[in-house]
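In listed order, ligands and their atoms are each counted from 1.
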Amino acid sequence: MKYALVTGGSRGIGRAVSLKLASMGYSVVINYAGNDAAANETLALIKDAGYPAAELLKFDVSNAEQCAAAIEGWQAAHPDDYIEVLVNNAGIRRDNLLLWMENEDWLKVLNTNLNSFYNVTKPLIQSMVVKKYGRIVNMASLSGQKGLPGQTNYAAAKGGLIAATKALAQEVAKKRVTVNAVAPGFVKTDMVEGLDEKALSAQIPAGRFGTPEEVAAVVAFLASPEAAYVNGEVIAVNGALYT
Ligand code: NAP
């Protein structure tokens with residue numbers, strides 16, 4: 001059995017990625033933070049589609065101890081296996097102009113979107129390097145490429161994630177591990193609830209928001225064996241909003 005871990009795999013883009021990886025034959029380990037109902041729904045969708053086994057692994061990606069304990073626990077229960085695909089997807093936003101941004105909102109966004117990369121990747125990278133095969137896909141954002149006003153915290157986290165992607169790719173390329181990032185623009189999920197979709201779509205050359213499945217398709221390519229020579233890249237999925 002081949003295993004893939006998708007952080008924030010229970011809703012939105014992560015759910016679409018979990019379903020896609022399951023369709024590729026992966027046993028998907030679906031991480032989430034608190035919404036048990038959504039996580040169980042994703043699990044049911046995978047099982048109803050007849051894909052191989054999937055499992056839930058609840059932990060807070062912003063908490064290094066929780067990440068290490070959950071991943072060690074998983075490894076102990078699967079002594080002969082390793083996670084060969086990691087999708088660092090979990091994320092939140094807490095938008096505000098810097099002028100009014102609370103310290104807590106700065107730290108929470110940095111911890112959940114950037115420090116999570118360290119917290120989750122660190123316990124998994126060694127087995128990928130030892131087995132000489134691994135795929136890491138980091139969910140960045142248009143905001144991390146361009147910087148969007150009202151998102152200094154989120155832009156800093158996603159920009160940092162892009163830089164970490166490029167650095168780690170060079171560290172592990174020789175061991176046949178790839179590290180890439182996907183940078184979505186506006187994608188229809190709970191995260192964009194409350195945004196004026198009509199007004200924003202008018203500014204997007206494609207004229208609409210993207211779907212989670214359109215992002216998942218790019219993740220699936222980067223997670224596949226065929227993408228062996230794509231390493232340290234950032235692929236935008238934004239309807240030509242920023243090129
Ligand atoms: P979403 O619908 O809000 O789903 C977020 C997912 O992340 C949920 O599964 C949630 O779990 C999980 N999560 C949040 N905090 C977590 C934590 N501390 N520990 C573990 N899991 C946590 O978001 P989305 O739109 O699918 O976004 C997914 C990724 O794409 C994020 O990194 C986001 O920044 C990025 N992105 C999204 C867009 C967009 O337009 N939607 C654009 C660019 C980039 P619970 O259900 O338990 O809360």
Side-chain angles (χ1 to χ4, degrees), residues 5-20 28-43 45 56-71 86-95 105 107-120 137-148 150-151 153-162 164-165 181-197 200-201 204 206 208-216 218-219 234-239 241-242:
L5 168 63
V6 183
T7 70
S10 59
R11 288 190 285 122
I13 293 170
R15 172 181 285 179
V17 169
S18 296
L19 275 155
K20 186 75 185 171
V28 185
V29 183
I30 302 162
N31 157 259
Y32 68 107
N35 189 334
D36 297 313
N40 280 305
E41 211 177 294
T42 303
L43 196 60
L45 284 169
L56 301 179
L57 196 59
K58 185 178 181 177
F59 61 88
D60 177 354
V61 295
S62 70
N63 182 314
E65 288 86 45
Q66 272 192 38
C67 293
I71 291 167
L86 165 63
V87 184
N88 283 309
N89 165 78
I92 56 163
R93 65 182 182 95
R94 295 279 185 282
D95 298 353
D105 287 338
L107 291 177
K108 202 161 170 53
V109 167
L110 265 291
N111 282 334
T112 308
N113 295 282
L114 179 59
N115 291 339
S116 58
F117 163 79
Y118 174 84
N119 296 341
V120 179
V137 184
N138 297 320
M139 199 56 68
S141 167
L142 165 74
S143 197
Q145 295 183 296
K146 179 185 181 287
L148 294 179
Q151 292 195 321
N153 51 357
Y154 187 81
K158 296 298 192 183
L161 188 59
I162 287 172
T165 299
V182 176
F186 292 96
V187 180
K188 273 178 95 117
T189 69
D190 295 344
M191 187 176 265
V192 298
E193 245 172 42
L195 298 186
D196 186 342
E197 186 175 343
L200 286 165
S201 292
I204 302 170
R208 63 173 177 85
F209 281 16
T211 66
E213 290 72 24
E214 286 169 325
V215 181
V218 178
V219 175
V234 185
I235 302 185
V237 185
N238 64 23
L241 181 55
Y242 182 68

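For K58, the NZ atom counts as densely surrounded, since its 6.0 Å shell holds more than 12 non-hydrogen atoms of other residues, nucleotides or ligands.
Scanning the protein heavy atoms around atom 25 (O) of ligand 1, the nearest turns out to be T189 OG1, 2.4 Å.
Proximity to F186 (heavy-atom distance under 4.0 Å) selects the following atoms of ligand 1: 40 (O). Ligand 1 places these atoms under 4.0 Å from at least one heavy atom of A140: 44 (C). Close approach of ligand 1 to S10 is summarised as follows: ligand atoms under 4.0 Å from at least one heavy atom of the residue are 8 (C), 9 (O), 11 (O), 46 (O). Close contacts between ligand 1 and G185 involve ligand atoms 38 (C), 40 (O), 42 (C), 43 (C) [criterion: under 4.0 Å to a heavy atom].
Heavy atoms of F209 found under 4.0 angstrom from ligand 1: none, in either backbone or side chain. Looking at V187 against ligand 1, both its backbone and its side chain come within 4.0 Å, counting heavy atoms. The side chain of V192, and not its backbone, has at least one atom closer than 4.0 Å to an atom of ligand 1 (non-hydrogen atoms only; side chain from C-beta on). Heavy atoms of V215 found under 4.0 angstrom from ligand 1: none, in either backbone or side chain. Within the 4.0 Å heavy-atom criterion, neither part of A38 lies near ligand 1. Only the side chain of I92 comes within 4.0 Å of ligand 1, judged by heavy-atom distances.
Contact analysis puts K158 in contact with ligand 1, with a non-hydrogen atom separation below 4.0 angstrom. By the 4.0 Å heavy-atom criterion, D60 is counted among the residues contacting ligand 1.
Taking all atoms of both residues into account, the shortest heavy-atom contact from R11 to A38 is CG-CB, 3.4 Å.
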